[in-house]
Number of protein chains: 2
Amino acid sequence: MKAVENSKTRGPLLSERLTTSGLRLTRQREQVYRVLLQKRDHPTADEVFLRAKRQMPDISLATVYNCLDALVQCGLVRHVHPGRGGSRFCPNMREHCHFYCEACGGVFDIDWPADHGGVPMPKGFEAKRYEIAIRGVCPDCGARPGHGAPPG
Amino acid sequence: MKAVENSKTRGPLLSERLTTSGLRLTRQREQVYRVLLQKRDHPTADEVFLRAKRQMPDISLATVYNCLDALVQCGLVRHVHPGRGGSRFCPNMREHCHFYCEACGGVFDIDWPADHGGVPMPKGFEAKRYEIAIRGVCPDCGARPGHGAPPG
DNA sequence: TTTCTAATTGGAATTATTCTAGGTTTTGAC
DNA sequence: GTCAAAACCTAGAATAATTCCAATTAGAAA
Ligand SMILES: [Mn+2]
Ligand SMILES: [Mn+2]
Ligand SMILES: [Zn+2]
Ligand SMILES: [Zn+2]
């Protein structure tokens, strides 16, 4: 039985995207990508490592960092920078911004309307991409004030 | 001769802002704030430390971190998170966003038009503040391609 | 299949930041 | 002014996140 790419868990592109970027398809890269697609909660590298180890006990943290880097390089994953704590990773490549809940530390994708228009750049500045961070309180934490687990 | 507050280098508010936040005015906090106002290039904590030491050789790095924290707490300084490398500090409290030059690593203030409108939030999300990062190439690096010093 | 090179691995190293414990300064009550 | 309490500063240790390194393994082109 030939393995068929399942876009639900693996995404349709991994093998192609890697090779067109001059990178190889490896078990570890598949596993790291699978982990990211399975639970889209913007895990840290260390969280990805813990989840990946469940099915691949010998994978190393250094490899997880390498794989995440490869996935970012070939355009399948975003590297997200939440200020405090380690950076996080997101397999949603649609244009969106990130909401950081100050009560529970959760990270949420927020749609970013296509008509954003951007910010007018002063002469000479060449903007390649925008990253919008929104800090506040998520629905769950807003509903039960004082009960949000502190971030970290 | 009574010392007069010089708003060019010290800003008009340090003493007041600290005390209204329940914090004390100290030599070290003055010095750290002075350093930030003198060269507004978004230095890292370590860069602030090096600059502050020139006039106050006994100041410690831990104190610089503490002072920066106090200045952020009392609303005189912004804590800026550029993804890679250490976080940076900015005494410009007007609404603005940050341009990160991918060639030289420089950080620049970009005015953020007042009519930005914000991003429409899904039900339940309470947005407290926005942070916009723009990545690209600054005027200097755009003018001499290939000559921008690599960031770091 | 062979060969070449990219990728993986564990551990050490580096970087950025926070913590700790002890000494100093400021503040405010007396 | 004197004194105690609280805030602050300091050096160095500790922690957290990430990168580097040298040796092995494994993908894929020929
Ligand atoms: Mn996301
Ligand atoms: Mn700024
Ligand atoms: Zn929350
Ligand atoms: Zn530049």
Side-chain angles (χ1 to χ4, degrees), chain A residues 3 14-33 35 42-50 52-53 55-74 76-77 79-89 105 107 150-152, chain B residues 14-33 35 42-50 52-53 55-74 77 79-89 105 107 150-152:
Chain A
L14 181 54
S15 167
E16 278 176 40
R17 287 296 190 85
L18 285 169
T19 50
T20 61
S21 294
L23 301 165
R24 293 177 182 169
L25 178 63
T26 67
R27 291 191 314 120
Q28 291 84 350
R29 285 170 180 173
E30 282 185 307
Q31 171 72 351
V32 164
Y33 192 40
V35 160
H42 302 85
T44 62
D46 200 64
E47 284 162 351
V48 172
F49 175 53
L50 293 174
K53 264 209 300 202
Q55 302 204 215
M56 189 178 278
D58 291 340
I59 196 172
S60 78
L61 179 56
T63 295
V64 168
Y65 274 102
N66 292 339
C67 291
L68 289 168
D69 194 53
L71 294 170
V72 169
Q73 261 185 248
C74 72
L76 287 173
V77 166
H79 194 164
V80 180
H81 308 292
R84 280 301 163 99
S87 52
R88 294 171 174 271
F89 297 87
V107 182
Chain B
L14 181 55
S15 167
E16 280 176 37
R17 285 299 190 84
L18 285 169
T19 50
T20 61
S21 294
L23 301 165
R24 292 175 183 169
L25 178 63
T26 66
R27 291 191 313 120
Q28 289 86 349
R29 285 169 183 174
E30 282 185 306
Q31 172 71 351
V32 165
Y33 192 39
V35 160
H42 302 84
T44 63
D46 200 63
E47 284 162 350
V48 172
F49 175 53
L50 293 174
K53 265 210 298 202
Q55 303 204 214
M56 188 177 277
D58 291 340
I59 196 171
S60 77
L61 179 57
T63 295
V64 168
Y65 274 101
N66 291 340
C67 290
L68 288 169
D69 194 54
L71 294 170
V72 169
Q73 262 185 248
C74 73
V77 166
H79 193 164
V80 180
H81 307 291
R84 279 299 162 100
S87 50
R88 295 170 174 274
F89 297 87
V107 182

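Since this is a predicted model, take the numbers as computed values, not measurements. Below, chain A is the first sequence line, B the second, and so on; all start at residue 1.
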Do you know which two heavy atoms are closest between [X] and [Y], and how far apart they sit?
X        : Y        : result
Ala45(B) : Leu61(B) : O-CD1, 4.3 Å
Val48(B) : Val32(B) : CG1-CG1, 4.0 Å
Cys74(A) : Arg17(A) : O-NH1, 3.2 Å
Gly83(A) : His81(B) : CA-CG, 3.2 Å
Thr44(B) : Phe89(B) : C-CD1, 4.5 Å

For this session: Identify the 5'-most and 3'-most nucleotides of DNA chain C with at least one atom closer than 4.0 Å to a non-hydrogen atom of chain B.
Result: dA16(C) to dT27(C)
For this session: With sequence neighbours excluded, tell me which residues meet ring-ring contact (aromatic ring centres under 6.0 Å, His included) with His42(A).
Result: His98(A)
Got a second to check how far [X]'s [atom1] is from [Y]'s [atom2], nearest 0.5 Å?
X        : Y        : atom1 : atom2 : result
Arg29(A) : Leu14(A) : CZ    : CG    : 9.0 Å
Lys53(A) : Ser60(A) : NZ    : OG    : 10.0 Å
Leu68(A) : Arg88(A) : CG    : CZ    : 12.5 Å
Ile59(A) : Leu50(A) : CD1   : CG    : 11.5 Å
Gln55(B) : Glu30(B) : CD    : CD    : 12.0 Å
Leu71(B) : Asn66(B) : CG    : CG    : 11.0 Å

For this session: Could you list the residues that satisfy side chain to side chain contact (heavy atoms under 4.5 Å, CB included) with Thr19(A), not counting sequence neighbours?
Result: none
Problem set entry | Axial bend angle, the helix from dT1(C)-dA30(D) to dC30(C)-dG1(D): five-pair end segments, nearest 10° | 40°
For this session: Could you check which residues of residues 79-87 of chain A get a heavy atom under 4.0 Å from DNA chain D? Sort them by number, please.
Result: Gly86(A), Ser87(A)
Exercise. Could you state the CG-C1' distance from Leu18(B) to dC8(D), rounded to the nearest angstrom?
Worked result: 12 Å
Problem set entry | Arg24(B) CZ - dA7(D) C1' separation (whole Å) | 4 Å
Exercise. Once each nucleotide of nucleotides 9-14 of chain D is scored for protein heavy atoms under 4.0 Å, what B/S/- sequence comes out, 5' to 3'?
Worked result: SBBB--
